[in-house]
Number of protein chains: 2
Amino acid sequence: MYENEKKLYEAKAHILKALAHPTRLYMAEQLLHGEKCVCEFVREIDADISTISKHLSILKEAGIVSDEKRGKQVFYHLKTPCILQFTECAVDIIKSNLKERSSLMTRIQVEKET
Amino acid sequence: MYENEKKLYEAKAHILKALAHPTRLYMAEQLLHGEKCVCEFVREIDADISTISKHLSILKEAGIVSDEKRGKQVFYHLKTPCILQFTECAVDIIKSNLKERSSLMTRIQVEKET
DNA sequence: TTGTCATTTGGTAAAATTACCAAGTATGGG
DNA sequence: CCCATACTTGGTAATTTTACCAAATGACAA
């Protein structure tokens, strides 16, 4: 029964949810190349610094990243890089969706014309 | 610049978002064992059938599952099982979060008591 | 055709997410 | 000590998500 395992699914979904935002996904992927301070994200992302800080705190709360204050700066670090392994498969899905949707478009076009 | 790659991050986040709900994650994982009709999910999950149907349609729209009508029933099928590979890593994160948070609790206890 | 089973769709209220601004905290320099 | 820099936090409005009920659709059976 799903009810028994619900807590585990909630925990897993919570982690996915933290990653399921374009900006947060970008941040996590950037951290694959090494730690970054908030100020670096601020330079790259066109959003208010408070928005960026909140996105990072969501990743942190989910346990995906950790932070460390050094001087005036706060550095974020990817704790568990394996969580980003889904990327390759996601790209496959995106490509397959594009294919299916473009062939659907063609079908609609053809149906219109005939 | 993030702005250039934004479309790709949005597409990837869209797929994650579809999975980032306990019920939808459960459904996708169940489909690892083979296709299932909506009625089977209805038996397992304590939610309105319309809610279950809508969750399935979100997974379908994201390109994670496909559906096929056979007789009166609609069968759902996992198109790209690799998208669920993150699970193992997610469990690692959950365990590590539990450890950190329980040690935090202990620390708070200790601080209170001393 | 009429009914029934299996599922989807439309509508809606409640809850959650998001982004911004403004104000607060912490650190190091002068 | 005072100030600037680097962030975080609180407040809030707009948007999105979620779940339910009710009604619609589609397939088969009588």
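Sequence lines set the chain letters: A, B, ... in the order given, protein chains first and strands last, and positions in each chain run from 1.
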Would you tell me if any nitrogen or oxygen in the side chain of [X] comes within less than 4.0 Å of OP1 or OP2 on [N]?
{"X": "A/Thr51", "N": "C/dA19", "answer": "no"}
{"X": "A/Tyr76", "N": "D/dA6", "answer": "no"}
{"X": "B/His55", "N": "D/dT17", "answer": "no"}

[X] [atom1] - [N] [atom2] separation (whole Å):
{"X": "B/Ile45", "N": "C/dA6", "atom1": "CD1", "atom2": "P", "result": "17 Å"}
{"X": "B/Glu68", "N": "D/dA27", "atom1": "CD", "atom2": "C1'", "result": "15 Å"}
{"X": "B/Ile58", "N": "D/dA19", "atom1": "CD1", "atom2": "P", "result": "9 Å"}
{"X": "A/Arg43", "N": "D/dT5", "atom1": "CZ", "atom2": "P", "result": "14 Å"}
{"X": "B/Ile49", "N": "D/dA24", "atom1": "CD1", "atom2": "P", "result": "17 Å"}
{"X": "B/Asp67", "N": "C/dT8", "atom1": "CG", "atom2": "C1'", "result": "11 Å"}
{"X": "B/Lys72", "N": "C/dG3", "atom1": "NZ", "atom2": "P", "result": "15 Å"}
{"X": "A/Lys36", "N": "D/dA6", "atom1": "NZ", "atom2": "C1'", "result": "16 Å"}

With a 4.0 Å cut-off, would you call [X] and [Y] a salt bridge?
{"X": "B/Arg70", "Y": "B/Glu68", "value": "yes"}
{"X": "B/Lys36", "Y": "B/Glu44", "value": "yes"}
{"X": "A/Arg24", "Y": "A/Glu29", "value": "no"}

So [X], base contact, sugar-phosphate only, or nothing? Heavy-atom distance under 4.0 Å.
{"X": "A/Phe41", "result": "nothing"}
{"X": "A/Lys17", "result": "sugar-phosphate"}
{"X": "B/Phe75", "result": "nothing"}
{"X": "A/Ile52", "result": "nothing"}

Mark yes or no for a side-chain to base donor-acceptor pair under 3.5 Å between B/Lys54 and C/dG11, with no hydrogen or angle criteria applied.
->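 A donor-acceptor contact between them is present.
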Test for a donor-acceptor pair under 3.5 Å between the base of C/dC21 and the side chain of A/Ser50, counting only N and O atoms.
->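 Between C/dC21 and A/Ser50, which were checked side chain against base, a qualifying N/O pair under 3.5 Å is present.
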Give the nucleotide from the list D/dA6, C/dT18, C/dT7 with an atom nearest to the side chain of A/Arg24.
-> C/dT18
State which of C/dC20, C/dT18, C/dT27 makes the closest approach to the side chain of A/Asp48.
-> C/dC20
Earlier contact from the 5' end, DNA chain D, for B/Arg70 and A/Leu56 = A/Leu56
Just wondering, do B/Met27 and B/Ile45 contact through their side chains at under 4.5 Å, heavy atoms?
-> yes
Any idea how A/His21 and A/His55 line up, ring-wise: parallel (<30°), tilted (30 to 60°), or perpendicular (>60°)?
->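 The arrangement is tilted - the two ring planes meet at 30° to 60°.
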Select from A/Gly71 and B/Val74 the residue whose nearest nucleotide in DNA chain C is closer to the 5' end of that strand.
->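 On the 5' side of the pair lies B/Val74.
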In chain order, what residues pass the salt bridge (charged side-chain N to carboxylate O under 4.0 Å, His left out) check against A/Glu40, with sequence neighbours excluded?
->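 Salt bridge (charged side-chain N to carboxylate O under 4.0 Å, His left out) list for A/Glu40, sorted by chain: empty.
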